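All of these numbers come straight from a predicted model, not from anything done at the bench. The chain is numbered in sequence order, starting from 1.
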Amino acid sequence: MHIHIGASQTGKAIKITGSRSLTLRNILRVAKHVKGMDVIGIIDCHSPEVLQELKELAQNGYLQELEEGGLLIDGLTLIPGAEIEINDEHCKGPIHVLVYMPSLATMESLSAWLTPRMKNIHLSSQRMYGSALELQEFVKNAGGLFIPAHIFTPFKSLYGKGVDSSLMEVLDPALIDGVELGLSSNTEMASRLEELSPFTFLTNSDAHSLEKIAREYQMLSLKKPSFKEFKMALQGKNGREIIANYGLNPYLGKYYNSVCETCFEVYPPNSVNCVKCGSKKFIKGVNDRINELQGTRTSKVNRPPYIHQIPLEFIPGLGPKSLVKLREAIGTDMDIIHSSTQSQLEEIVKPAIAEQILSARNGELSVQIGGGGTYGKVILNHPSKSKK
């Protein structure tokens with residue numbers, strides 16, 4: 001539900017740091033036929049060029065607007081969204097939020113509303129010059145969904161930069177539909193904050209390249225794939241719900257550990273100087289920030305399981321060519337990750353790699369902790385028995 005567009009159909013940049021191969025049509029193809037997704041969120045649909053391309057697809061009969069919201073394209077439901085940066089007078093630093101709209105018309109109204117409040121409406125993740133509450137009220141009045149993004153990362157997030165200790169410093173909790181955890185945290189970690197008890201947890205990839213689509217995802221129980229049903233799942237209404245969150249082991253995320261800003265050595269808690277270079281500047285990791293924020297009571301909400309999922313590109317020894325062969329023989333990444341057998345895998349890859357894929361499915365791979373903008377990595381042939 002958090003996929004960026006790198007370039008428009010005319011080649012103009014949308015997400016500056018995104019791959020230029022992240023075009024709308026490439027995303028739709030890869031999400032459906034390579035990754036095995038049923039519902040996705042593209043969060044740069046406020047950009048006029050992206051909106052125009054979506055409208056052209058509708059005019060050509062390739063895209064159908066669903067009665068209950070959402071856009072049906074080749075059997076895939078797209079929930080149009082936008083990522084917006086907030087940094088008003090109440091913020092301690094910039095915060096990124098995700099906004100989802102039910103239709104092209106409502107997304108167009110959001111784009112028009114944002115245009116005079118942004119320096120460049122054509123680009124992704126731009127700062128909105130206005131208050132967070134003003135944005136929340138507009139989104140809710142337009143029938144949209146409001147979700148703070150990657151809430152613990154050290155840069156441009158709610159708890160990483162935006163507030164001292166509580167989301168209520170900036171946002172109205174009654175107008176929040178869920179929160180996105182980000183790659184360096186999981187349900188257990190986020191549940192240490194009691195004020196997050198009312199909110200559904202989302203696990204999304206924040207994909208800046210095609211291969212990163214479905215790096216994290218959630219399994220939903222819906223009657224049909226639509227905006228209305230997705231909203232009901234966030235609210236846990238009428239049997240609609242999130243069945244499971246699939247995400248990286250937080251150790252694999254780029255910001256789990258605090259590290260020295262100069263040499264990226266791990267910064268022990270309560271340290272004054274870097275033990276390696278002596279610098280006093282450090283990037284506070286997600287784990288240390290959550291420990292800093294948590295109170296004496298933690299959330300006791302009964303939540304769906306958080307399943308530590310290793311993306312196929314993280315599997316040691318599984319190169320791009322072998323991955324293509326696996327997809328050709330078995331199907332989508334969802335087929336490979338969740339249901340392929342050892343014999344199926346070993347027809348394509350070496351037994352050791354097949355074993356790594358099956359161990360990843362069962363949460364039995366050890367990982368090296370990441371931090372300071374560097375991903376952790378899977379340690380080959382060192383299975384861990386933790387199955388959180």
Centroid-centroid under 6.0 Å between Tyr246 and His338 rings: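 Yes.
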So Met101 and His46, side chain to side chain contact (heavy atoms under 4.5 Å, CB included) or not? Walk me through it. CA-CA 10 Å; Met101 289 297 187; His46 68 287; over 6 Å; no
Is the side chain of [X] donor-acceptor paired with the backbone N or O of [Y] at a distance under 3.5 Å, no angle test?
X	Y	result
Ser111	Glu108	no
Asn120	His122	yes
Glu53	Leu24	no
Glu180	Leu202	no
Thr106	Ser103	yes
Ser19	Ser209	no
Asn257	Val259	no
Ser197	Glu194	yes
His96	Pro94	no
Arg127	Glu85	no

So, taking the atom named [atom1] in [X] and the one named [atom2] in [Y], what distance separates them when rounded to the nearest 0.5 Å?
X	Y	atom1	atom2	result
Met107	Ile79	CE	CD1	10.0 Å
Ile307	Met219	CD1	CE	7.0 Å
Glu134	Ile86	CD	CD1	10.5 Å
Asp206	Ser125	CG	OG	7.5 Å
Ser340	Leu358	OG	CG	6.0 Å
Arg192	Gln294	CZ	CD	5.5 Å

hydrophobic_cluster_shared for [Y] and [X], side chain cutoff 4.5 Å:
X	Y	answer
Met1	Leu76	no
Leu54	Leu123	no
Ile147	Leu78	no
Leu167	Val170	yes

How about [X] and [Y]: do any of their side-chain heavy atoms sit closer than 4.5 Å?
X	Y	value
Ile27	Ile5	yes
Ser47	Ser8	no
Tyr306	Met189	no
Thr374	Phe264	no
Ile3	Ile43	no
Leu345	Gln342	no
Leu365	Gln356	yes
Met118	Ile84	yes

Kindly indicate, with the supporting measurements, whether the criterion side chain to side chain contact (heavy atoms under 4.5 Å, CB included) is fulfilled by Met334 and Tyr217. CA-CA 11 Å; Met334 294 299 101; Tyr217 51 94; 3.8 Å; yes
Applying side chain to side chain contact (heavy atoms under 4.5 Å, CB included), run through Leu135 and Trp113 and close with a yes or a no. CA-CA 10 Å; Leu135 175 62; Trp113 185 82; 3.6 Å; yes
Using a 3.5 Å cut-off and no angle test, enumerate the donor-acceptor pairs between side-chain atoms of residues 28-39 and protein atoms at least two apart in sequence or in another chain.
unit_1, atom_1, unit_2, atom_2, d
Lys32, NZ, Gly75, O, 3.4
His33, NE2, Asp74, OD2, 2.8
Lys35, NZ, Glu211, O, 2.9
Lys35, NZ, Glu211, OE2, 2.8
Lys35, NZ, Ile213, O, 3.4
Lys35, NZ, Asp333, OD2, 3.0

For [X] against [Y], the heavy-atom pair lying closest together:
X	Y	result
Val349	Ala354	CG2-N, 3.9 Å
Arg20	Gly6	CD-O, 3.9 Å
Leu22	Ala207	CD1-O, 3.9 Å
Ala132	Leu171	CB-CD2, 3.7 Å
Val266	Pro268	O-CD, 3.3 Å
Phe227	Gly144	CZ-CA, 4.2 Å

Give a yes or no on whether a salt bridge exists between [X] and [Y], defined as a side-chain N under 4.0 angstrom from a carboxylate O.
X	Y	answer
Lys140	Asp177	yes
Arg240	Glu229	yes
Lys325	Glu328	no

Distance-only check: which donor-acceptor pairs under 3.5 Å involve side-chain atoms of residues 57-73, not counting sequence neighbours?
unit_1, atom_1, unit_2, atom_2, d
Asn60, ND2, Glu56, O, 3.1
Glu65, OE1, Leu104, N, 3.2
Glu68, OE1, Ser226, OG, 3.3

Residue pair Lys231, Lys237: steps toward the side chain to side chain contact (heavy atoms under 4.5 Å, CB included) verdict: CA-CA 9 Å; Lys231 181 178 180 179; Lys237 288 186 175 180; over 6 Å; no
So, [X] and [Y]: side-chain donor and acceptor under 3.5 Å apart, yes or no?
X	Y	value
Glu241	Ser221	no
Glu216	His2	no
Thr262	Lys281	no
Ser21	Asn26	no

Under the salt bridge (Lys or Arg N to Asp or Glu O under 4.0 Å) rule, what pairs show up with a residue in residues 158-170, not counting sequence neighbours?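 Checked against salt bridge (Lys or Arg N to Asp or Glu O under 4.0 Å) - neighbours excluded - the pairs reaching residues 158-170 are Lys92-Asp164.
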Under 4.5 Å side-chain heavy-atom separation, chaining through any Ile, Leu, Val, Met, Phe, Trp or Tyr, what else clusters with Met232? Say none if it is isolated. none
Please write out which residues are connected to Phe282 in a hydrophobic cluster, directly or through intermediates, given that two of Ile, Leu, Val, Met, Phe, Trp, Tyr count as joined at side-chain heavy-atom separations below 4.5 angstrom. Tyr267
The single option from Thr187, Asn186, Asn245 passing side-chain hydrogen bond (donor to acceptor under 3.5 Å, both in side chains) against Thr203: Asn245
Residues in ring pair (Phe, Tyr, Trp, His ring centres under 6.0 Å) with Phe152, at least two apart? Tyr159
Check the surroundings of atom OH in Tyr251: do more than 12 heavy atoms from other residues, nucleotides or ligands lie under 6.0 Å from it? no
